[in-house]
Amino acid sequence: MARMSIIFDGFAELAELVDKSGADLKEAVNEALVESQKIVQHNLTTGAAVYAAKGLKGYATGNMYSTIIGDGAVSWSGSVATVNAGFKLDQGGGWHSIFVMYGTPRMSKDSKVYNAIKGTRTRKAIAKKQEEIMVKHLKLGGA
């Protein structure tokens with residue numbers, strides 16, 4: 001399981017503008033984090049579909065695939081918001097995902113799973129989506 005955060009450059013300045021514009025910053029952050037989680041979920045499920053379509057063995061057919069997080073529930077603790085993404089570690093094949101993502105001394109890592117959560121393309125897509133959402137909320141606030 002990974003915890004998502006707001007990751008693009010200039011977030012602090014944009015968040016301040018959103019807040020000053022009268023838009024609800026908490027709502028903007030919630031939407032940005034939920035959409036970030038959806039990107040990871042989409043990457044994992046489409047990666048699994050590739051495995052299944054090619055008839056490959058892998059997480060597409062096992063317990064690990066069934067533990068992909070899909071609820072997108074944002075939790076707040078003071079001024080810190082978090083959303084879980086990736087795999088539910090407390091269920092069936094969840095812990096197995098760690099070994100698949102990072103590899104073991106006897107097994108190389110699965111790059112598709114790793115990249116679906118932590119890859120450069122994923123991080124860029126998340127940053128772009130988060131920035132779009134913050135700008136949208138800035139405009140909704142009237143700034």
Side-chain angles (χ1 to χ4, degrees), residues 1-19 21 23-141 143:
M1 169 178 33
R3 298 219 190 266
M4 303 302 296
S5 59
I6 305 291
I7 56 173
F8 63 88
D9 291 334
F11 167 74
E13 295 82 9
L14 192 53
E16 188 175 329
L17 288 172
V18 169
D19 199 33
S21 74
D24 187 358
L25 182 59
K26 188 173 182 178
E27 183 181 315
V29 169
N30 282 345
E31 184 180 346
L33 289 176
V34 167
E35 290 301 316
S36 300
Q37 186 275 330
K38 286 180 182 178
I39 289 171
V40 171
Q41 177 189 5
H42 177 268
N43 289 350
L44 287 172
T45 54
T46 55
V50 167
Y51 272 101
K54 292 183 177 179
L56 300 172
K57 293 183 179 180
Y59 78 96
T61 58
N63 289 336
M64 195 170 123
Y65 177 71
S66 65
T67 64
I68 294 173
I69 296 173
D71 57 4
V74 177
S75 62
W76 284 84
S77 177
S79 61
V80 177
T82 59
V83 65
N84 295 328
F87 298 96
K88 297 173 190 166
L89 297 180
D90 59 347
Q91 294 182 1
W95 285 106
H96 179 67
S97 66
I98 294 171
F99 300 112
V100 172
M101 275 184 61
Y102 295 104
T104 69
R106 295 183 183 183
M107 178 183 84
S108 60
K109 75 177 185 178
D110 185 325
S111 296
K112 286 188 187 332
V113 177
Y114 181 86
N115 290 335
I117 298 173
K118 295 185 174 261
T120 303
R121 186 177 296 158
T122 300
R123 287 182 294 156
K124 286 181 180 180
I126 289 171
K128 181 180 178 190
K129 178 59 85 175
Q130 289 176 345
E131 188 170 8
E132 288 171 1
I133 290 169
M134 296 303 285
V135 168
K136 177 183 87 173
H137 280 270
L138 179 62
K139 291 178 181 175
L140 288 175

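Residue numbers run from 1 in the order of the sequence given. Values below: all heavy atoms of this structure, side chains included; hydrogens, waters and symmetry mates excluded.
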Quiz item: Which atom pair, heavy atoms only, marks the closest approach of Ser97 to Leu89?
Solution: OG-CD2, 3.9 Å
Exercise. Mark yes or no for whether Trp76, through its side chain, and Ala81, through its backbone, hold a donor-acceptor pair below 3.5 Å.
Key: no
Quiz item: Distance from Asn84 atom CG to Asp71 atom CG, nearest 0.5 Å?
Solution: 7.5 Å
Quiz prompt | Under 3.5 Å: donor-acceptor pair, side chain of Thr122, backbone of Lys118 | solution = no
Self-check item: Side-chain ion pair, Glu131 and Lys128, N-O less than 4.0 Å
Solution: no
Quiz item: So, Gln37 side chain and Ile69 main chain: donor-acceptor pair closer than 3.5 Å or not?
Solution: yes
Self-check item: Glu31 and Lys136: CA distance, side-chain angles, deciding distance, side-chain contact (heavy atoms from CB on, under 4.5 Å) verdict
Solution: CA-CA 11 Å; Glu31 184 180 346; Lys136 177 183 87 173; 2.7 Å; yes
Exercise. Measure the shortest side-chain to side-chain distance between Val34 and Val74 over non-hydrogen atoms and say whether it is less than 4.5 angstrom.
Key: yes
Quiz item: Roughly how far apart are Arg123 CZ and Ile39 CD1, rounded to 0.5 Å?
Solution: 13.5 Å
Self-check item: Nearest heavy-atom neighbours spanning Lys109 and Tyr102
Solution: CB-C, 3.5 Å
Quiz item: Run the side-chain contact (heavy atoms from CB on, under 4.5 Å) check on Val113 and Met64 step by step: do they pass?
Solution: CA-CA 11 Å; Val113 177; Met64 195 170 123; 4.1 Å; yes
Quiz item: Which atoms form the tightest heavy-atom contact between Gly86 and Val40, and what is the distance?
Solution: N-CG1, 3.9 Å
Quiz item: Going from CD on Gln41 to CD on Glu35, what distance comes out if it is rounded to the nearest 0.5 angstrom?
Solution: 10.5 Å
Quiz item: Under 3.5 Å, side chain of Thr104 to main-chain N/O of Met107, donor-acceptor pair present?
Solution: yes
Quiz item: Which atoms form the tightest heavy-atom contact between Ala28 and His137, and what is the distance?
Solution: CB-CG, 3.5 Å
